[in-house]
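This chain uses plain numbering: 1 for the first residue, then up along the sequence. Treat the numbers as computed from the prediction; the structure is a model and nothing was measured. Just so you know, ligand 1 is whichever comes first in the structure, and atom 1 is the first atom listed for that ligand.
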Amino acid sequence: MNEITIIKPDDFHIHLRQGSDLEYYAKESEKQFKRGIIMPNTVPPIVTVNDVNRYRDEILKVTEGFEPLMTFKILPDSDPGIISELKQNKVIAGKYYPAGATTNSEDGITDWKIMKPVLKEMEKHAMVLSIHGEVPDSFLLNRERDFLPILDEIHRTFPKLRIVMEHVSCKESIDYINSAHDHVAGSISLHHLISTIEDVINDTSIKCMPIPKTPEDREAIRFAAFSGNRKFFFGSDSAPHKVEGKIGFNPKSGVYTAPVILPKLAELFYENGVLDKLENFVSVYGARFYKLPLNREHITVIKKPMIVPDEMYGVRPYLAGSEISWSLKN
Ligand code: DOR
Ligand code: ZN
């Protein structure tokens with residue numbers, strides 16, 4: 001098979017940033033995705049109905065058929081009273097960042113229990129809880145594993161709340177999600193399907209949180225994506241940072257994968273003999289979990305090489321300079 005046409009995918013986890021760069025990032029994602037769940041960790045963060053509506057308008061202004069699905073950031077002092085209004089304004093999820101876990105999360109949550117009134121309202125209004133699941137004080141490679149008891153506690157306390165453990169990066173998360181009720185799902189990024197900690201050591205420009213881990217963890221993530229398991233769907237966590245911020249001591253966390261996503265996923269699924277599983281992973285399972293209709297548009301990917309640019313808009317994209325054997329058909 002030298003080409004595949006699939007329902008136009010959704011990116012269920014994306015950072016589009018703000019200001020003048022937003023336009024580049026949004027346009028890049030729009031080439032491959034019909035919808036995207038827009039992360040709220042801008043500076044300042046997206047927390048109120050006004051913030052959400054202003055941010056959505058900014059995205060709509062620079063795109064054509066792209067549908068931004070908005071989120072809000074849960075802060076320690078978030079008012080449970082705004083959840084119903086957020087829901088009326090089509091906010092699809094609330095994002096829980098443990099304080100200090102990743103980029104722009106210093107204002108996040110130190111003890112999850114402080115969110116209980118907010119989570120109760122989210123459960124009542126069928127709003128999804130999106131989680132960056134790491135314990136920031138743990139050793140880097142154990143941060144996600146150590147978070148799983150917290151995830152389990154939240155799930156048991158709010159059994160009807162739909163929860164996405166974002167960008168899963170370790171085998172234990174895959175096992176936990178598989179064993180949990182259908183209200184718990186996992187999103188999987190391109191870079192956690194490809195990279196390990198060794199790759200990050202060799203090229204710190206791909207440093208991101210959660211950090212890619214061992215080959216065994218990557219194998220478990222691949223198995224979840226390749227086996228047609230509807231509890232796992234695609235969310236890129238594409239997170240651009242300018243080149244200057246990615247060098248020197250403690251480079252910023254985040255990797256800009258958006259420009260290479262579908263070509264690289266097609267190459268990976270093809271090489272593993274599971275190209276037929278790609279459409280469900282990027283276009284169906286996530287939409288079902290979020291109770292969204294499937295997109296009507298389609299997109300074709302062909303077995304034709306592309307070279308990834310070294311730099312785009314001052315950002316070094318993931319896999320910069322390498323050749324990918326698939327590309328978008330235009
Ligand atoms: O590496 C990351 N970068 N992980 C996140 O969760 C946030 C993101 C960003 O915003 O740069
Ligand atoms: Zn993210």
Side-chain angles (χ1 to χ4, degrees), residues 10-19 21-22 24-26 28-29 33 36-47 55 68-74 92-109 128-136 138 140-141 143-144 147 151 163-170 173 185-197 199-200 203-213 221 233-247 250-258 261 286 313-318:
D10 299 310
D11 186 344
F12 282 109
H13 182 135
I14 182 164
H15 299 267
L16 291 184
R17 309 305 192 203
Q18 62 214 119
D21 295 320
L22 165 75
Y24 303 128
Y25 306 144
E28 200 56 52
S29 287
F33 297 98
I37 291 197
I38 314 300
M39 287 295 135
N41 65 333
T42 47
V43 185
I46 306 302
V47 288
Y55 196 27
L69 304 168
M70 306 309 290
T71 63
F72 78 102
K73 189 183 200 179
I74 305 174
I92 195 161
K95 180 75 186 265
Y96 160 26
Y97 287 101
T102 187
T103 305
N104 304 338
S105 64
E106 298 73 19
D107 55 358
I109 307 294
V128 169
L129 174 64
S130 160
I131 300 184
H132 183 111
E134 291 195 280
V135 174
S138 291
L140 184 64
L141 290 173
R143 285 180 193 172
E144 183 169 306
F147 184 85
L151 172 61
I163 301 175
V164 180
M165 178 74 171
E166 301 287 349
H167 37 57
V168 289
S169 71
C170 67
S173 291
S187 68
I188 292 180
S189 79
L190 173 67
H191 50 286
H192 291 106
L193 283 167
I194 308 254
S195 299
T196 65
I197 185 74
D199 298 311
V200 184
D203 174 6
T204 50
S205 81
I206 66 168
K207 178 194 167 200
C208 56
M209 294 296 154
I211 207 87
K213 300 188 170 61
I221 299 165
F233 49 80
F234 183 70
S236 73
D237 196 21
S238 177
H241 288 279
K242 300 286 182 186
V243 170
E244 313 84 82
K246 297 290 290 178
I247 50 180
N250 200 12
K252 291 192 171 171
S253 298
V255 53
Y256 185 41
T257 52
I261 292 169
Y313 335 115
V315 176
R316 182 173 166 81
Y318 186 51

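- The shortest side-chain heavy-atom distance between Arg17 and Tyr24 does not fall under the 4.5 Å cut-off.
- Neither side chain, Glu28 nor Tyr256, offers a donor N or O lying under 3.5 Å from an acceptor on the other.
- At a cut-off of 2.8 Å, His13 coordinates the Zn ion (ligand 2) through an N, O or S atom.
- Taking any N or O of Cys208, backbone or side chain, none lies under 3.5 Å from an N or O belonging to ligand 1.
- Within the 4.5 Å cutoff, the side chain of Ile38 has no heavy atoms near those of the His13 side chain.
- The nearest N, O or S atom of His15 is closer to the Zn ion (ligand 2) than 2.8 Å.
- Among all non-hydrogen protein atoms, the one lying nearest atom 3 (N) of ligand 1 is Ser253 O, 3.0 Å.
- By the criterion of a heavy-atom distance under 4.0 Å, neither the backbone nor the side chain of Glu166 is placed next to ligand 1.
- Under the 3.5 Å distance criterion, the side-chain polar atoms of Glu144 are matched with a main-chain donor or acceptor of Ser169.
- When distances from the Zn ion (ligand 2) to the N, O or S atoms of Asp237 are compared, OD1 comes out shortest.
- Applying side chain to side chain donor-acceptor pair (under 3.5 Å) to Tyr318 and the options Ser195, Ser189, Ser236, Ser205 leaves one that passes, Ser195.
- Within the 4.0 Å heavy-atom criterion, the part of Asp237 lying near ligand 1 is the side chain and not the backbone.
- Atoms of ligand 1 found under 4.0 Å from any heavy atom of Gly254 (numbered from 1 in listed order, with element): 1 (O), 2 (C), 3 (N).
- The atoms of ligand 1 that sit less than 4.0 Å from any heavy atom of His132 are 6 (O).
- Checked by distance only, ligand 1 and His241 come closer than 3.5 Å through their nitrogen or oxygen atoms.
- Considering backbone and side-chain N/O of Lys207, none are found under 3.5 Å from N/O of ligand 1.
- By the 4.5 Å heavy-atom criterion applied to side chains, Val315 and Tyr25 are counted as neighbours.
- Ring geometry for Tyr96 versus Phe147: interplanar angle of 30 to 60°, hence tilted.
- Among all non-hydrogen protein atoms, the one lying nearest atom 7 (C) of ligand 1 is Thr102 OG1, 3.3 Å.
- The closest heavy-atom contact to atom 11 (O) of ligand 1, among the options Lys252, Arg17, His167, His15, comes from Arg17.
- Residues Ile46 and Lys95 form no side-chain contact, since every pair of their non-hydrogen atoms from C-beta on lies 4.5 Å or further apart.
- At a heavy-atom cutoff of 4.0 Å, ligand 1 is contacted by the side chain of Asn41 but not by its backbone.
- Under the 3.5 Å distance criterion, the side-chain polar atoms of Asn104 are matched with a main-chain donor or acceptor of Asn41.
- Two residues are said to be in side-chain contact when any heavy atoms from C-beta on lie closer than 4.5 Å; Thr103 and His241 meet this criterion.
- For atom 8 (C) of ligand 1, the closest heavy atom belonging to the protein is Ala239 CB, 3.6 Å.
- Under 2.8 Å from the Zn ion (ligand 2) lies no N/O/S atom of Glu166, from backbone or side chain alike.
- Between the side chain of Glu134 and the backbone N or O of Pro98, no donor-acceptor pair lies under 3.5 Å.
- In terms of polar-atom proximity, Met209 is counted as a contact of ligand 1, with an N or O under 3.5 Å from an N or O of the ligand.
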